[in-house]
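In what follows, a structure is listed as structure tokens, so that the remarks can point back to it.
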Amino acid sequence: QVQLVESGGGLVQAGGSLRLSCAASGLTFSSYVMGWFRQAPGKEREFVAAISWGGGSTNCADSVKGRFTVSRDNAKNTVYLQMNSLKPEDTAVYFCAARYGSSPYLYDYSYWGQGTQVTVSS
């Protein structure tokens with residue numbers, strides 16, 4: 001019954017921006033850390049960013065720090081990933097994930113969305 005549905009992916013030119021959204025249902029949204037992961041073809045899934053249940057603490061991978069911003073709106077049960085200054089190496093399927101807890105610095109996520117494709121052209 002828990003569902004995480006990503007949206008906002010697409011094709012963008014290098015240097016451009018995209019905003020991903022993840023709508024959650026079937027869980028007490030404010031009790032979960034929400035995170036973003038990505039997986040490129042032939043590569044392992046990697047952590048991108050996460051935000052605490054209260055929104056006061058975030059964790060971003062070094063590869064995206066300064067370019068990506070994670071935020072959440074608990075009233076809308078939605079988490080966002082604002083991606084700026086996109087690079088071809090950002091091309092991947094982006095997944096929304098949730099873990100019960102308060103720390104965005106732990107990586108044991110329980111629920112996953114189906115992913116949304118982000119393609120950055122050179």
Side-chain angles (χ1 to χ4, degrees):
Q1 291 180 328
V2 174
Q3 287 190 302
L4 305 177
V5 181
E6 304 94 336
S7 62
L11 176 64
V12 65
Q13 191 174 11
S17 299
L18 283 174
R19 188 194 192 198
L20 305 183
S21 298
C22 172
S25 62
L27 52 75
T28 303
F29 188 70
S30 61
S31 296
Y32 286 79
V33 171
M34 301 299 298
W36 290 95
F37 292 75
R38 67 186 182 185
Q39 187 170 23
K43 295 185 177 181
E44 298 290 329
R45 186 174 297 186
E46 65 175 344
F47 171 78
V48 176
I51 185 167
S52 66
W53 63 267
S57 182
T58 60
N59 178 21
C60 293
D62 289 341
S63 60
V64 304
K65 192 170 296 182
R67 299 188 298 121
F68 292 9
T69 301
V70 62
S71 62
R72 68 191 292 165
D73 186 339
N74 289 345
K76 296 181 178 179
N77 284 9
T78 301
V79 62
Y80 306 94
L81 184 68
Q82 178 66 48
M83 305 185 293
N84 298 326
S85 301
L86 284 162
K87 305 173 181 179
E89 50 263 45
D90 293 319
T91 296
V93 177
Y94 283 71
F95 298 89
C96 177
R99 65 175 298 275
Y100 187 80
S102 60
S103 175
Y105 299 94
L106 301 176
Y107 302 96
D108 187 15
Y109 284 78
S110 299
Y111 304 106
W112 297 83
Q114 294 299 306
T116 185
Q117 178 70 48
V118 172
T119 302
V120 184
S121 62
S122 60

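Everything numeric in this text was worked out from a predicted model, so none of it was measured. All heavy atoms count here, side chains included; hydrogens, waters and symmetry mates do not.
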What's in the same ILVMFWY side-chain cluster as L106, cut-off under 4.5 Å, chained through other members?
none

Taking side chain to side chain contact (heavy atoms under 4.5 Å, CB included) as the definition, give me every residue that meets it alongside S102, ordered by chain and number, with sequence neighbours left out.
W53

With Y107, which residues qualify under ring pair (Phe, Tyr, Trp, His ring centres under 6.0 Å), at least two apart?
F47

Not counting sequence neighbours, list each pair that qualifies as a side-chain hydrogen bond (donor to acceptor under 3.5 Å, both in side chains) and has a residue in residues 14-31.
S17-N84

Among residues at least two apart in sequence or on other chains, which ones pass salt bridge (charged side-chain N to carboxylate O under 4.0 Å, His left out) with D62?
K65

Across all chains, not counting sequence neighbours, the side chain to side chain contact (heavy atoms under 4.5 Å, CB included) partners of V2 are L27, Y111

Listed partners of Y109 passing ring pair (Phe, Tyr, Trp, His ring centres under 6.0 Å), at least two apart
F37

Check side chain to side chain contact (heavy atoms under 4.5 Å, CB included) between A40 and all other residues, then give those that pass, not counting sequence neighbours.
K43, A92

Taking M34 as the fixed residue, which of N77, V79, V70 is the one that meets the side chain to side chain contact (heavy atoms under 4.5 Å, CB included) rule?
V79

Nearest heavy-atom approach of L4 to C22 is CB-SG, 3.9 Å

Partners meeting salt bridge (charged side-chain N to carboxylate O under 4.0 Å, His left out) with E46 (sequence neighbours left out)
R38

How would you list all residue pairs meeting ring pair (Phe, Tyr, Trp, His ring centres under 6.0 Å) that involve residues 54-101, not counting sequence neighbours?
Y32-Y100

Residues 72-85 vs salt bridge (charged side-chain N to carboxylate O under 4.0 Å, His left out), sequence neighbours excluded, gives none

Side chain to side chain contact (heavy atoms under 4.5 Å, CB included) involving S85 - partner list, sequence neighbours excluded:
R67

